[in-house]
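The sequence lines fix the lettering, A, B, ..., with proteins before strands; numbering per chain opens at 1.
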Amino acid sequence: MISTLSFVSVSDLVIGLSLGSRLFLIAVGLSLIFGVLGVLNFAHGALYMIGAYLALAFTTQVIDNFWIGVVAGAIGVGVIGVLIEVGTIRPLYDRVEADLDQLIVTFGFVLVIHEVVRFVWGSQPYSTPAPDALAFSVSVSGSTFSAYRLFVIVAALVVMAALWLFIRRTYFGALVRGTSSDREMASMLGVDVPRLYTGVFFLGSFLAGLGGALSAPLQSTSPALGEQVIIDAFIIVVIGGLGSMFGAFVGAMFVGLMQAIGPSFIAAGHIAIPFLAMVLVLLVRPEGLFGGLGE
Amino acid sequence: MSTHDDSVTSRIGEFTRDAVRNGWTRERCVVLLSLGLLLFGVVAPSFQIYLFTEFLIIALFALAFNLLYGYTGLLSFGHAMFLAGGSYGLAIFLQESEPYVSNVVGAGPAPLVSWVLGAVFAVSLVIAMAVPIGWLSVRLEEIYFALITLAFGMLVYSVIIQNPQGLTAGSDGINVLLGVTEIGGAEFRLGDRQIYYYLTLGIVGASTYGIWRIVNSPFGTICKSIRESPERAAALGVDVRFHRWMTFIVSAAFVGIAGVLIAGLSNVASPYHAHWSESATAVVATVIGGATYFAGPIIGAFVYLYARWGISRYPALEAHWEFFMGVLIILVVLYFKVGAAGGLYMLRTWLLDVQAAYRRGGANAAVGFVRESATNKLRRDSDASESDTGGVER
Amino acid sequence: MVLQTDGLTRQFGQLTAVDGVSLEIDDEEVTSIIGPNGAGKTTFYNLLTGVLEPTSGAIRLRSDGELREITDDPPHEVARRGLSRSYQITNVFEGLTVRENLRVARIAREGRTLDFRSRAGSNEAANEQIDWLLELTNLAEYADTECDELSHGEKRKVEIALALAIEPTVFLLDEPTAGMNPTETRKIVSLIHRLNDEIDATFVVTEHDMDVVTDISDRIVVLADGAVLAEGEPAEVLADERVTEAYLGSEAL
Amino acid sequence: LGGGDDTISLGALYIFSGFGSLYGEEAERGYELAVEEINNDGGIDGQDVEIISRDTEGDPNAGIRQMTSLIEEENVDGLFGLDSSSVAQSIAPQVQEYQMPLMATHAATPFLTSPEGEHDNSVGNEWVFRNSNSLSHDMYGAAQVAATLELDEWATIGPDYAFGYETWDYFQAYCEGIGVDTAFTEEQFPALEESDYSPYISSILDAEPDGVITPLWGSDLTTFLGQAEQSGWFDEIEYTLFSVGMGTDLPADGSPLPEGELASTRYDPFEPDTEENNEFRETYVEEYDTLPTYNAEGAYRAVYLYRNAIEEAGTNADEIRSTFEESEHTGPVGEYAFAPETNQATVPAIWGEVSYDDEYESNVLDSLEVSDPSPEEMQQALEDAGSDLPTGV
Amino acid sequence: MTVLELDEINTYYGNSHVLHDVSLELAEGEVVALLGRNGAGKTTTMRSIMGVTPPRDGTVRFDGADLDGLSPDERNELGVNLVPEDRRVFPTLTVQENLTLAHKLADDPRPVEEMYELFPVLDPLRSNQGQNMSGGEQQMLAVARALIQRPKVLLLDEPTEGLAPVIVDDLREMLHDVVSEDVTVLLSEQNVNFAFDLATRGYIIDTGEIVYEGTIEELQQRDDLLERYLAVSPEEIA
Ligand SMILES: Nc1ncnc2c1ncn2[C@@H]1O[C@H](COP(=O)(O)OP(=O)(O)OP(=O)(O)O)[C@@H](O)[C@H]1O
Ligand SMILES: Nc1ncnc2c1ncn2[C@@H]1O[C@H](COP(=O)(O)OP(=O)(O)OP(=O)(O)O)[C@@H](O)[C@H]1O
Ligand SMILES: [Mg+2]
Ligand SMILES: [Mg+2]
């Protein structure tokens with residue numbers, strides 16, 4: 001079913017960017033952790049979900065303040081990430097098949113986190129109200145959007161900029177790429193590898209939590225929240241280039257826009273579109289659009 | 001069997017005594033194991049036969065997956081697409097052509113003949129899928145290979161869900177019922193619990209032997225060399241991409257066989273079989289079993305399936321089974337460096353050492369050995385870094 | 001003539017790593033390619049073996065009696081046509097035993113890579129060949145040791161054994177004795193002599209050990225900045241002023 | 001483990017993990033309440049009843065393994081449950097072979113109660129019963145509602161799996177069959193677990209239909225509602241029909257359906273206004289602090305169906321089955337029986353207007369007056385529409 | 001004064017016992033050669049000092065303090081640096097990044113530019129990735145990367161491997177200069193002449209045991225040792 005379009009409408013654009021912004025917040029942490037540890041963190045989606053639940057809890061159950069919920073979600077999830085890293089990822093670094101062992105451990109955590117959340121909050125979906133200051137609608141060329149949706153786009157841009165500055169400033173990129181390619185040599189040059197890894201895991205998890213918390217008012221919060229999103233995040237990270245922060249941004253916006261425009265072109269096949277894009281990118285440029293370029 | 005019962009039992013006794021006396025040779029283990037497996041179909045409770053059949057199928061799935069991962073170094077995260085290919089191949093064939101088969105060979109043998117033809121069709125279908133998908137995928141390596149196979153897997157999944165030409169019945173899946181076969185007055189149901197067990201045992205056994213031969217053949221040696229260093233292999237004259245492609249196809253074909261079997265066992269070809277989480281089953285089973293051992297995936301499949309079953313028997317655990325499975329997976333990965341198979345292997349070596357100590361100096365020596373090795377182990381565990389790679393029987 | 005390059009050039013961005021090299025390698029000759037670090041020696045090998053594509057120029061190799069162009073052939077085909085190499089930076093199958101390493105080479109050599117049916121290691125002729133190679137390279141003691149448990153120098157020997165195992169017409173050895181102790185180095189030198197004498201093998205060797213170079217070479221080619229700086233009889237080349245300055249330093253005769 | 005001699009054991013098959021786990025949780029509340037009541041009341045003929053529940057994971061393969069284990073290892077006297085239609089469809093032929101009664105309490109596909117052979121997908125047989133109403137009932141009701149609304153164009157947005165598609169197919173067929181004069185325009189089927197419906201919402205808004213029917217459920221529905229609200233959906237679409245919108249999830253949620261919209265449910269805690277229903281509702285609210293959902297009620301009622309059958313006929317499977325078939329039954333939903341041939345309970349769908357109840361802090365329905373269709377009328381409607389779909393009633 | 005002292009260390013790879021009671025001593029500012037054939041245990045000794053393959057028993061002391069339990073980065077912090085035999089430049093980092101990274105990680109580093117002066121070959125390669133450098137270039141980068149951190153003890157594992165003779169000359173000179181700045185060097189070499197030129201004392205290790213210890217002058221006289229353990233004939237000693 002093809003509807004006639006004047007290419008991309010403003011509303012598609014706004015929707016696509018907001019979709020992309022949320023995806024970026026998830027994908028960037030995933031990409032960061034992959035870039036350093038070489039591990040695709042399957043639990044990343046589950047961490048994102050915890051972020052959403054923490055925001056929910058602070059907004060509706062504990063103190064009725066969304067912003068505190070966002071901070072708590074991000075930091076709380078960061079701390080959980082640290083516990084996971086120190087307890088179960090770190091002991092595996094010296095394994096022969098470390099990557100896969102770590103991947104499987106994170107897979108185990110998906111199950112565990114899922115059940116713990118279900119135990120605490122049950123399976124029913126919750127919705128988190130948007131903060132009062134942003135609880136109004138904006139009309140853009142005939143389509144209505146919530147102000148909060150636009151805020152999330154801004155938030156993603158701010159996060160992107162902050163990360164960019166951080167990485168530039170701290171020589172973090174080289175540190176991370178060097179360490180991930182040869183951990184032993186890095187430690188012989190004075191890199192405290194465990195601390196670096198834990199730090200990165202904190203940052204990655206922090207971003208997942210932040211993404212989850214910021215997304216909470218846009219969608220329902222339920223234990224299955226992270227499952228679908230993690231696959232989207234994988235796609236984005238691949239399209240953008242594993243380990244590339246800028247790539248994650250471009251990839252997320254790309255997938256977001258495609259998901260926004262897709263339904264008007266093809267009645268079904270929304271699962272297929274991003275995957276097809278991923279196959280194409282992999283075949284044409286395996287390292288992703290921005291992979292291998294350095295940061 | 002009944003008439004030779006005595007001699008069989010006495011021979012089993014002989015074997016056991018021999019085995020204890022002379023240690024376990026591979027041949028003897030295999031013979032004993034086969035006997036055990038054959039007996040299992042007769043003596044085990046019906047549900048256990050079901051579960052064991054499922055285990056055999058998952059073991060084949062993981063084993064075929066590991067041909068690509070453990071031996072060639074390519075981690076596929078979409079191998080479930082071939083499982084689905086096998087089960088849908090059979091299901092669609094049975095659905096579309098059972099009446100024709102019945103016309104040709106008569107109603108009696110039709111179910112069996114259809115099944116055989118369906119299985120052949122299904123595996124051909126899987127190969128037909130694997131040829132182009134493999135050709136594209138082996139262009140990539142490492143994580144990129146994992147991701148492109150994941151993508152292909154999910155594409156297959158979404159195709160199945162979309163119900164093209166009404167062939168796949170969308171998300172409902174297709175029921176697969178193996179009817180009653182009648183040949184020369186004898187009647188049997190292929191789907192009968194025991195018959196299906198022996199059928200699966202035969203096919204999985206033959207496939208396992210086939211895979212074992214493959215990994216120990218020149219072809220398998222080349223696979224291993226590619227895993228270790230593709231550039232070097234190429235410099236010696238190995239067409240690396242082509243070889244990976246062939247391995248991909250062979251691996252897929254065996255997964256296809258597992259797909260045919262799983263459809264017959266659970267009586268359904270469902271889109272679930274193509275989902276990435278099903279691919280993850282093979283990965284998880286292989287990792288917890290130990291990818292570096294031939295038997296690793298088999299042991300991993302066993303642990304995975306029986307742990308799940310064990311949990312389901314306790315309502316308190318079943319209510320939160322994901323939690324316990326998750327914890328189990330984490331613990332196995334953390335505490336078994338080279339998987340459960342590696343653990344078993346070390347246990348075996350250790351037992352043989354104990355036995356040797358016993359033979360040398362009687363019970364005291366054996367106890368002494370046990371004590372010493374325990375303290376040694378503790379000491380070694382406290383060493384900061386130790387690069388014990390394990391991996392004996394790649 | 002078994003191997004010929006014609007204006008072979010390779011650029012990496014601005015840098016011309018190999019710059020219009022035209023060489024002819026004669027049968028049964030041992031040619032040494034020397035030159036400062038970064039002169040383009042390894043790159044030259046990578047071009048010959050198909051790992052890198054030349055920016056321009058052609059490569060021809062004699063196989064089955066006639067000179068054929070192999071410029072665009074992928075590495076595995078080049079190897080099958082009879083050009084074998086060792087790596088400067090050790091590149092062996094770490095997780096396999098030394099014997100298995102050599103078996104890989106034999107299987108490739110015999111074109112049995114798609115043999116699913118026989119048992120690896122059941123081919124008696126191949127086994128003998130492998131044993132012979134193990135003796136030859138002094139590795140028999142480590143035959144069943146996995147390579148990742150070998151020391152650096154030991155691995156270097158596996159590196160050479162692998163290059164030998166596929167019975168090529170031309171051997172390209174990239175710093176074969178680097179990291180070896182003097183005895184081993186002498187053994188490699190006599191090995192090259194022996195193979196050169198016995199089976200008339202052709203060698204192209206890069207080395208920084210001048211004792212080795214003077215010992216084995218029939219001819220020396222000096223590369224500098226990707227181009228041929230000097231070429232000819234060892235004594236003549238090593239006496240060359242430019243060579244001393246660019247490369248030899250205090251090692252000059 | 002297992003059903004000993006002094007207990008009656010029933011096997012419950014629900015989804016307890018993943019996306020659909022809310023169904024399992026709700027069902028568990030329902031059957032546990034029933035078990036508690038029955039056992040406090042002296043059990044079944046003096047024997048305690050015990051429920052052994054297993055997770056189908058929404059996967060036919062896992063579902064069949066669990067079913068087999070329940071029958072062979074736990075020796076249950078009967079089975080009930082099933083949320084996912086695909087699991088139900090693959091289990092149905094199996095229970096027939098085992099001669100084990102199965103009381104489906106939720107899975108809604110009409111094919112489950114359409115006798116095998118009637119349609120390619122039909123899997124109904126004499127061992128499979130369903131005590132809840134099916135999608136077919138629901139859509140007949142929806143068509144009746146559509147007839148009273150007299151809108152020009154209808155569209156749908158539903159989940160991308162059989163349930164979403166069947167809903168739309170039956171809705172169109174019944175509308176045509178009962179002579180609703182309307183056009184069917186836009187259809188959107190976003191994937192399960194979609195996190196942002198905005199693109200689909202805007203596609204539908206662009207098509208400007210007058211009414212939309214949506215079978216979204218669970219957290220998908222919650223997500224959709226929030227996003228639809230923000231896009232001005234409820235200003236632009238005249239009527240949105242939330243098929244089974246009064247489902248498992250909404251009573252517990254802070255973002256209820258907008259008041260004044262139309263929704264259906266398989267069970268209404270306030271209808272019928274009988275003593276049995278009121279008592280069930282109040283006990284339930286007391287126990288769990290929320291109104292019972294249809295999944296809770298279905299599971300609750302399934303346990304009572306077994307209790308009554310076993311008290312009457314003992315634990316012989318065939319006897320249990322015929323008791324189901326023959327008797328009139330009653331429960332919170334009122335009086336009903338299982339239709340011959342299909343074994344589908346005669347419980348009609350309930351459509352109503354959504355309002356909010358402060359006392360229960362939940363949405364409730366003000367029922368619309370639509371007539372209960374007879375199986376024949378439904379059959380006739382499908383035939384008139386020229387559809388080959390079975391009614392499953 | 002003794003800077004580094006190894007006291008009867010025993011090191012294992014898994015179950016295989018590689019170093020047997022190895023003892024060494026390095027006084028401040030001296031260059032000590034560690035010689036032995038392939039597989040003798042030279043690399044393992046250095047890895048033991050660096051802490052990447054810590055000894056199972058015995059002690060490594062640095063400035064009198066026991067290093068037991070310290071991780072490689074903590075040892076680096078104290079001023080120990082290893083240039084590994086297989087170079088280990090970071091493959092995806094450029095030359096500049098390799099150097100800057102080491103620079104940033106050190107407390108009192110030398111300026112990055114100084115390294116380009118020491119190794120002019122590296123200058124035009126600043127933006128080349130490590131993996132795209134020639135073997136000899138990598139070797140130079142590996143040495144530079146260690147020097148930039150201004151180590152107190154420098155462990156050099158076969159630094160001349162793969163270097164052109166002219167560069168070996170340069171390196172020799174450079175190390176002379178370095179030593180004069182009170183850097184203590186432990187040097188493992190197959191190029192015996194190079195080692196003899198630089199070192200004042202030497203150890204010979206064979207199958208994991210120290211079989212000789214003495215000054216280089218003494219060692220140069222001991223033809224038997226040279227032949228037996230190093231397989232060099234006296235004529236080869238320049
Ligand atoms: N892939 C590449 N990209 C960019 N530059 C490269 C690449 N490969 C090699 N180079 C450069 O090309 C030049 C030649 O390198 P090559 O490895 O051929 O030198 P070599 O003569 O073998 O030196 P050595 O004796 O040190 O091994 C070097 O300066 C190197 O940095
Ligand atoms: N990872 C390992 N696992 C097991 N054994 C090892 C390992 N690495 C080295 N070995 C063994 O330890 C011994 C000492 O090795 P080491 O690398 O210290 O020797 P080396 O003196 O540096 O030799 P080379 O001159 O060849 O570099 C050798 O016999 C080697 O086979
Ligand atoms: Mg080189
Ligand atoms: Mg060494």
Side-chain angles (χ1 to χ4, degrees), chain B residues 26 64 67 69-73 139 206-207 209-251 253-254 291-294 338 386-394, chain C residues 45-46 48-51 74-87 89-97 99-123 126 146-149 158-159 162-168 172 174:
Chain B
R26 174 175 284 155
L67 182 61
Y69 171 65
Y71 289 91
T72 318
R139 263 135 233 282
S207 303
Y209 178 71
I211 295 175
W212 188 75
R213 283 298 297 265
I214 288 174
V215 303
N216 286 296
S217 71
F219 182 89
T221 306
I222 299 296
C223 287
K224 287 185 264 186
S225 76
I226 291 175
R227 173 190 72 202
E228 298 294 333
S229 168
E231 308 83 53
R232 181 44 123 164
L236 293 174
V238 175
D239 187 344
V240 172
R241 198 177 276 180
F242 181 78
H243 200 87
R244 282 180 169 154
W245 187 31
M246 288 301 119
T247 317
F248 189 92
I249 295 169
V250 171
S251 160
F254 280 111
T292 48
Y293 295 86
F294 180 79
V338 278
E386 189 194 357
S387 56
D388 186 6
T389 54
V392 185
E393 205 187 330
R394 283 251 184 193
Chain C
Y45 278 11
N46 283 338
L48 291 181
T49 51
V51 173
H76 62 95
E77 257 170 49
V78 174
R80 285 183 199 164
R81 287 190 189 283
L83 199 58
S84 167
R85 75 177 293 186
S86 74
Y87 287 81
I89 296 176
T90 315
N91 188 351
V92 299
F93 307 120
E94 297 274 351
L96 305 187
T97 64
R99 190 189 297 283
E100 283 174 315
N101 264 270
L102 297 179
R103 188 172 294 141
V104 172
R106 290 309 304 172
I107 292 169
R109 164 74 190 147
E110 288 154 20
R112 294 196 299 134
T113 56
L114 288 184
D115 181 351
F116 295 96
R117 297 181 47 214
S118 53
R119 297 284 299 270
S122 64
N123 183 331
E146 272 181 35
C147 284
D148 48 20
E149 294 174 15
V158 180
E159 183 62 55
L162 276 176
L164 301 182
I166 60 171
E167 299 175 47
L172 306 177
D174 202 351

Novice: Any non-hydrogen side-chain atom of C/H76 less than 4.5 Å from a side-chain atom of B/F242?
Specialist: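 No. Closest side-chain heavy atoms not under 4.5 Å.
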Novice: Tell me, for C/E159 versus chain B, whether the close heavy atoms (under 4.5 Å) come from the side chain, the backbone, both or neither.
Specialist: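 Both parts, heavy atoms under 4.5 Å.
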Novice: Work out which heavy atom in B/S229 is nearest to a heavy atom in C/V92; give both atom names and the distance.
Specialist: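 Closest approach of B/S229 to C/V92, heavy atoms only: CB-O, 4.3 Å.
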Novice: Give the member of C/R103, C/R81, C/R112 that has the highest number of heavy-atom pairs under 4.5 Å with chain B.
Specialist: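 Most heavy-atom pairs under 4.5 Å with chain B: C/R112.
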Novice: With a 4.5 Å cut-off on side-chain heavy atoms, are C/E110 and C/D115 touching?
Specialist: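 No. Closest side-chain heavy atoms not under 4.5 Å.
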Novice: For C/R85 and C/N46, does a side-chain donor sit closer than 3.5 Å to a side-chain acceptor?
Specialist: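 Looking only at side-chain atoms, C/N46 and C/R85 do form a donor-acceptor pair, the distance falling under 3.5 Å.
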Novice: With only heavy atoms counted, which part of C/I166 is less than 4.5 Å from chain B, the side chain, the backbone, both or neither?
Specialist: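 Only the side chain of C/I166 comes within 4.5 Å of chain B.
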Novice: So which of B/G220, B/G210, B/C223, B/A233 has the largest heavy-atom pair count under 4.5 angstrom toward chain C?
Specialist: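 Top count of heavy-atom pairs under 4.5 Å with chain C: B/A233.
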Novice: Hey, which of C/A105, C/A120, C/A165, C/S122 has the most heavy atom pairs under 4.5 Å with chain B?
Specialist: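 Among the listed options, the one with the most contacts to chain B is C/A120.
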Novice: For the residue pair B/R244 and B/F248, would you count it as a cation-pi contact if the rule is NZ or CZ under 6.0 angstrom from the ring centre and within 45 degrees of the ring axis?
Specialist: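 Cation-pi check for B/R244 and B/F248: fails.
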Novice: Using non-hydrogen atoms only, which part of C/S118 is less than 4.5 Å away from chain B: side chain, backbone, both, or neither?
Specialist: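 For C/S118, backbone and side chain are both near chain B.
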